[in-house]
J.: 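This is the structure, below, for whatever I ask next.
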Amino acid sequence: MNMKKLLAIFLIIAMALTFAACGGGNDDQAAQDTPMTYKVAMEPTFPPFDTINQETQELDGFDVDLMNAIAEDQGFELEWVNMGFDGLITALQAGNIDIIASGMNASEERREKVDFSTTYYDSGLVVAVKTGNTAIKSIDDLTADMKAGAQIGTTGADLATELFDAGKIKEAKIYNGLDVAVMDLQNGTINALINDLPVTKAYMDVKPGTIEIVGDVLNAESYGFAVQKGNTELLDKINAGMQNIIDNGTFDDIAAEWFE
Ligand code: ARG
């Protein structure tokens, strides 16, 4: 092969390598400009925090609007996932999701497994009964022949199970969806429902005169967004975004939409 051909091949290889190097630079820049997308999960029978919009069939609620506002403020994107409440923490620990936004109480027990954002809503558990049931005026009136319902994996389920283990109720009936639990309270299948105050009120508003809250609020809960333990980068973004939307009034605007 003569020198001219060899030189031509060398030049072609050199140009190809140069082009690839430049192209790579563009790829790096493109990667830097593409926003991160995080998977965020919730269980949607928990209005007004976590629900399904009946018109769009999309996930909706205070948690959705809040987390979407935080994402916009911090320049990341979200992929929303509908998941059973009892599977959320396991999914987060396994890395199958990045965030839990599901009205989750930032309890000490859970803080051992995941990290929580700044809390954003103070709540508590209450007992609800079918309207007209005068036998139960508080949790103390539950008896060993009664059934108390709650949603699986929740603090309400923990309390119902405690009552059962102590022999104070006949059954702690645990439901995947709160909507079914409320229906069973309305039809008399269960005598009482142990659930979060604002959510029980939301179900009361849907069908007024069917269920009512009895007694006092039983505990103090504060909801937080959860991330995998040690994911300080994402946690810092969520906390910074939360503070920004509080400071600029967006938090109050969203709250007014869902609670007033
Ligand atoms: N606040 C209670 C807890 O943390 C109930 C949360 C249920 N949330 C839901 N989207 N179903 O256990």
Side-chain angles (χ1 to χ4, degrees), residues 39-54 57-68 78 80-93 97-128 139 148-164 172-185 190 192-204 206 211 213 216-227 254-255 258-259:
K39 271 191 178 180
V40 49
M42 57 106 107
E43 188 282 329
T45 66
F46 199 69
F49 300 92
D50 314 303
T51 184
I52 292 176
N53 184 304
Q54 291 311 304
Q57 292 305 306
E58 295 287 320
L59 296 177
D60 202 3
F62 182 58
D63 283 342
V64 173
D65 287 354
L66 212 50
M67 183 48 69
N68 283 339
L78 295 170
W80 284 92
V81 178
N82 177 342
M83 193 180 286
F85 190 78
D86 59 324
L88 290 170
I89 287 181
T90 305
L92 190 63
Q93 289 175 308
I97 57 175
D98 303 296
I99 305 168
I100 297 172
S102 201
M104 185 173 277
N105 179 36
S107 65
E108 287 313 311
E109 180 186 347
R110 287 169 175 162
R111 286 183 187 276
E112 290 172 15
K113 299 174 184 173
V114 300
D115 285 338
F116 280 98
S117 71
T118 311
T119 54
Y120 60 90
Y121 191 93
D122 292 333
S123 182
L125 295 174
V126 291
V127 174
I139 193 167
Q151 182 179 28
I152 192 167
T154 67
T155 51
D158 292 343
L159 181 50
T161 303
E162 275 175 38
L163 292 170
F164 172 74
K173 193 166 175 53
I174 305 304
Y175 296 83
N176 289 323
L178 260 180
D179 50 349
V180 178
V182 168
M183 276 191 288
D184 270 5
L185 183 65
I190 55 177
L193 173 68
I194 302 176
N195 185 46
D196 298 44
L197 172 63
V199 177
T200 302
K201 282 183 174 176
Y203 276 106
M204 288 166 65
V206 171
I211 63 173
I213 292 169
D216 300 327
V217 176
L218 302 169
N219 69 348
E221 297 199 359
S222 293
Y223 302 166
F225 298 119
V227 299
I254 294 171
W258 290 100
F259 296 102

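Whatever order the structure lists ligands and atoms in, that order sets their numbers, starting from 1.
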J.: Which is closest to atom 4 (O) of ligand 1 by heavy-atom distance: R110, Q151, E221?
T.: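 Nearest option to atom 4 (O) of ligand 1, by heavy atoms: R110.
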
J.: Are F49 and Y121, when compared by the centres of their aromatic rings, separated by less than 6.0 Å?
T.: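 Here the rings of Y121 and F49 have centres that are less than 6.0 Å from each other.
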
J.: Has Q57 got more than 12 heavy atoms of other residues, nucleotides or ligands less than 6.0 Å from its CD?
T.: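 Yes.
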
J.: Can you check whether Y223 and F62 have ring centres sitting under 6.0 Å from each other?
T.: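 Judged by ring-centre distance (under 6.0 Å), Y223 and F62 do not meet the cut-off.
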
J.: If we ignore angles and hydrogens, is there a donor and acceptor under 3.5 Å between the side chains of T45 and D179?
T.: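 Short answer, no.
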
J.: So if I count the atoms of ligand 1 from 1 in the order they appear, which ones are less than 4.0 Å from some heavy atom of T154?
T.: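 Near T154, meaning under 4.0 Å from one of its heavy atoms, ligand 1 has 5 (C), 7 (C), 12 (O).
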
J.: So which bit of N105 gets within less than 4.0 Å of ligand 1, heavy atoms only: side chain, backbone, both or neither?
T.: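 Both backbone and side chain of N105 come within 4.0 Å of ligand 1.
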
J.: Considering only the protein, which heavy-atom contact is closest to atom 1 (N) of ligand 1, and what is its distance?
T.: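 Scanning the protein heavy atoms, the shortest distance from atom 1 (N) of ligand 1 goes to D196 OD2, 2.7 Å.
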
J.: Counting N and O atoms only, with roles assigned by atom type, does the side chain of D115 sit under 3.5 Å from a partner on the main chain of V227, one being a donor and the other an acceptor?
T.: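 Not at all, since once roles are kept as given, no pair shorter than 3.5 Å links the two residues.
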
J.: Looking at ligand 1, is there an atom of it that comes within less than 4.0 Å of some heavy atom belonging to Y223?
T.: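 Within the 4.0 Å threshold, so yes.
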
J.: Looking only at distances, can you tell me whether any N or O atom of T45, backbone or side chain, sits closer than 3.5 Å to an N or O atom of ligand 1?
T.: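 No.
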
J.: Do any nitrogen or oxygen atoms of G103 come within less than 3.5 Å of a nitrogen or oxygen of ligand 1?
T.: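 N/O-N/O distance below 3.5 Å exists for this pair.
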
J.: With a cut-off of 4.0 Å, which atoms of ligand 1 are near a heavy atom of S102?
T.: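 Numbered from 1, ligand 1 contributes 6 (C), 7 (C), 8 (N), 9 (C), 10 (N).
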
J.: Number the atoms of ligand 1 from 1 as they appear, then name those within less than 4.0 Å of a heavy atom of M104, with their elements.
T.: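 Result: 4 (O).
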
J.: Is it true that a side-chain atom of D60 and a backbone atom of T51 form a donor plus acceptor pair closer than 3.5 Å?
T.: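 No; zero donor-acceptor contacts below 3.5 Å.
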
J.: When rounded to the nearest 0.5 angstrom, what is the spacing between CE in M104 and CG in L92?
T.: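 If I round to the nearest 0.5 Å, the distance is 8.5 Å.
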
